[in-house]
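Notes follow once the structure below has been shown.
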Amino acid sequence: MDKIEIQDLDLFYGNFQALRKINLRMKAHEVTALIGPSGCGKSTLLKSINRMNDLIENCHIEGKILVDGKNIDDEDVNLLRKKVGMVFQKANLFPMSIYDNVAYGPKTHGIKDKKRLDEIVECSLKQAAIWEEVKNDLKKSALALSGGQQQRLCIARALAIEPDVLLMDEPTSALDPISTAKVEELILQLKENYTIVIVTHNMQQALRIADQTAFFLQGKVIEFDRTQKIFNDPKEKKTRDYITGRFG
Ligand SMILES: Nc1ncnc2c1ncn2[C@@H]1O[C@H](COP(=O)(O)OP(=O)(O)OP(=O)(O)O)[C@@H](O)[C@H]1O
Ligand SMILES: [Mg+2]
C-alpha cells in the first residue's frame with residue numbers, strides 16, 4: 001500500500017479550478033518533489049494533504065486523498081495534522097523561546113511531563129540538525145535566530161509532533177547556499193523515517209533529493225515519474241521545456 005494516494009482530485013476556489021484530476025502516489029520513505037511555474041497549484045495540492053484548505057471559505061474539493069489507505073476526510077483533522085506535518089516557505093515561528101516553539105505541539109497533544117518534553121525538544125532539534133547551534137540558548141527567543149536556523153527550527157517543530165509525513169513548501173527558498181545544503185542533507189536523512197513531499201522551484205534541488213517528481217502546469221500534472229526520468233528523458237515536450245528553463 002502506498003503511504004499517500006491522490007485520486008482524481010479536483011479543487012475549486014469559488015469558480016476557479018486550481019487542480020484538475022490529480023492522480024499521484026507516494027511510497028513511504030520516499031521524497032516526492034512538486035515542480036512547475038508560479039500559480040500552477042503546487043502549494044494548493046500540498047495543503048490539501050493535511051486539509052489546510054478546510055480553512056478557506058469557498059474552497060471545494062472533489063476526488064479523494066488516502067493516507068495509509070484511509071480517506072483523510074473521514075479522519076479527525078487534528079489527528080490527521082499530527083500524522084501529516086507541514087513546513088512553510090517562510091519560517092513562521094512563534095514569538096517565544098526556542099524551547100517553547102518545539103514543545104508547543106507536543107504540549108497541545110497532551111504531553112505535560114517536563115522530562116519527556118525535554119527529551120522531545122532535544123531529539124527534534126538533533127534530527128533537524130540545529131541542536132549543536134542552540135543547545136546552550138534554548139531560552140533565547142526563536143526570532144533572534146538567523147533565517148537558516150529559523151527554518152531548521154521550523155522543521156524541528158514539525159518533527160516534535162512525530163508525524164509520518166512531512167509536507168515542505170519551498171523550505172529553502174529564503175536560504176543561502178550553505179543553509180540550503182544543510183536542509184537538503186537533512187531531508188535525505190529524514191526520509192529514512194518519514195515520507196516527504198516538497199515543493200521547490202529549484203530544479204537542481206529536486207534532482208538532488210527527490211525520488212520522484214511531478215511536473216504541474218495550470219492545475220494539471222503533466223508528467224509524474226522517477227526524478228531521473230523526468231530530468232533526463234521526459235516524455236512530454238512541456239516538461240523538457242520547463243526543466244531546461246524555456247519558460248516558468
Ligand atoms: N485562497 C485562495 N483563493 C483563491 N484562489 C487561490 C487561493 N489560493 C491560491 N489560489 C489560486 O490558485 C492557483 C494555484 O495557487 P498555488 O498557491 O497553489 O500555486 P503555486 O504553484 O504554489 O505557486 P507559487 O510557485 O507561486 O507558490 C493560483 O492561480 C492562485 O491564484
Ligand atoms: Mg506555492
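Ligands are counted one by one from 1 in listed order, and the atoms in each one are counted from 1 as well.
Residue contacts with ligand 1 for T44 involve both N, CA, C or O and side-chain atoms from C-beta outward (heavy atoms, distance under 4.0 Å). Only the side chain of A18 comes within 4.0 Å of ligand 1, judged by heavy-atom distances.
Residue C40 has at least one nitrogen or oxygen atom sitting less than 3.5 Å from a nitrogen or oxygen atom of ligand 1, judged on distance alone.
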Quick one: do E184 and Q205 satisfy side chain to side chain contact (heavy atoms under 4.5 Å, CB included)? Show the steps, please.
CA-CA 8 Å; E184 286 184 9; Q205 178 164 77; 2.8 Å; yes
Check step by step if side chain to side chain contact (heavy atoms under 4.5 Å, CB included) holds for M168 and T200.
CA-CA 9 Å; M168 306 178 108; T200 181; over 6 Å; no
Side chain to side chain contact (heavy atoms under 4.5 Å, CB included) between I49 and I6, intermediate numbers included
CA-CA 9 Å; I49 302 173; I6 300 170; 4.2 Å; yes
Show your working on salt bridge (Lys or Arg N to Asp or Glu O under 4.0 Å) between K21 and D10 and close with a plain yes or no.
CA-CA 5 Å; K21 286 277 167 295; D10 288 317; 2.7 Å; yes
Where do I198 and V31 land on the side chain to side chain contact (heavy atoms under 4.5 Å, CB included) test, with the steps shown first?
CA-CA 7 Å; I198 180 170; V31 177; 3.9 Å; yes
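Put simply, part of H201 is less than 4.0 Å from ligand 1, judged by heavy atoms.
Each of the atoms 1 (N) of ligand 1 lies under 4.0 Å from some heavy atom of I56. Ligand-side atoms of ligand 1 in range of G41: 14 (C), 18 (O), 19 (O), 20 (P), 21 (O), range being under 4.0 angstrom from any heavy atom.
At a threshold of 4.5 Å between non-hydrogen side-chain atoms, the residues L34 and F215 do not count as touching. With contacts defined as side-chain heavy-atom distances shorter than 4.5 Å, the pair K191/H29 does not qualify.
Within the structure, side chain to side chain donor-acceptor pair (under 3.5 Å) contacts touching residues 47-58 (residues at least two apart or in different chains) are S48-N53, R51-D54. Sorted by first then second residue, the side chain to side chain donor-acceptor pair (under 3.5 Å) pairs that include residues 147-169, not counting sequence neighbours, are K3-D164, S43-D169, N92-R157, E133-Q149, E133-R152, S146-Q149.
Looking only at protein N/O/S atoms, the ones less than 2.8 Å from the Mg ion (ligand 2) make 1 in total.
Residues forming a ring-ring contact (aromatic ring centres under 6.0 Å, His included) with F216 (at least two apart in sequence, or on another chain): none.
Of the protein's heavy atoms, at least one falls inside 4.0 Å of atom 4 (C) of ligand 1. The protein reaches atom 29 (O) of ligand 1 closely, with a heavy atom under 4.0 angstrom from it.
Ring planes of F12 and H60: tilted class, angle from 30 to 60°.
At the shortest separation from atom 26 (O) of ligand 1 among protein heavy atoms lies S38 OG, 2.5 Å. When hydrogens are left out, the protein atom nearest atom 14 (C) of ligand 1 is G39 O, 3.4 Å; that is the closest non-hydrogen contact. The shortest contact between atom 27 (O) of ligand 1 and any protein heavy atom is with E170 OE2, 3.6 Å.
Summarising the contacts of atom 6 (C) of ligand 1 with F216, F16, Y13, the nearest heavy atom is found in Y13. Looking at C59, G219, S43 and measuring to atom 17 (O) of ligand 1, the nearest heavy atom belongs to S43.
Using a 4.0 Å cut-off between a side-chain N of Lys or Arg and a carboxylate O of Asp or Glu, R226 and E30 qualify as a salt bridge.
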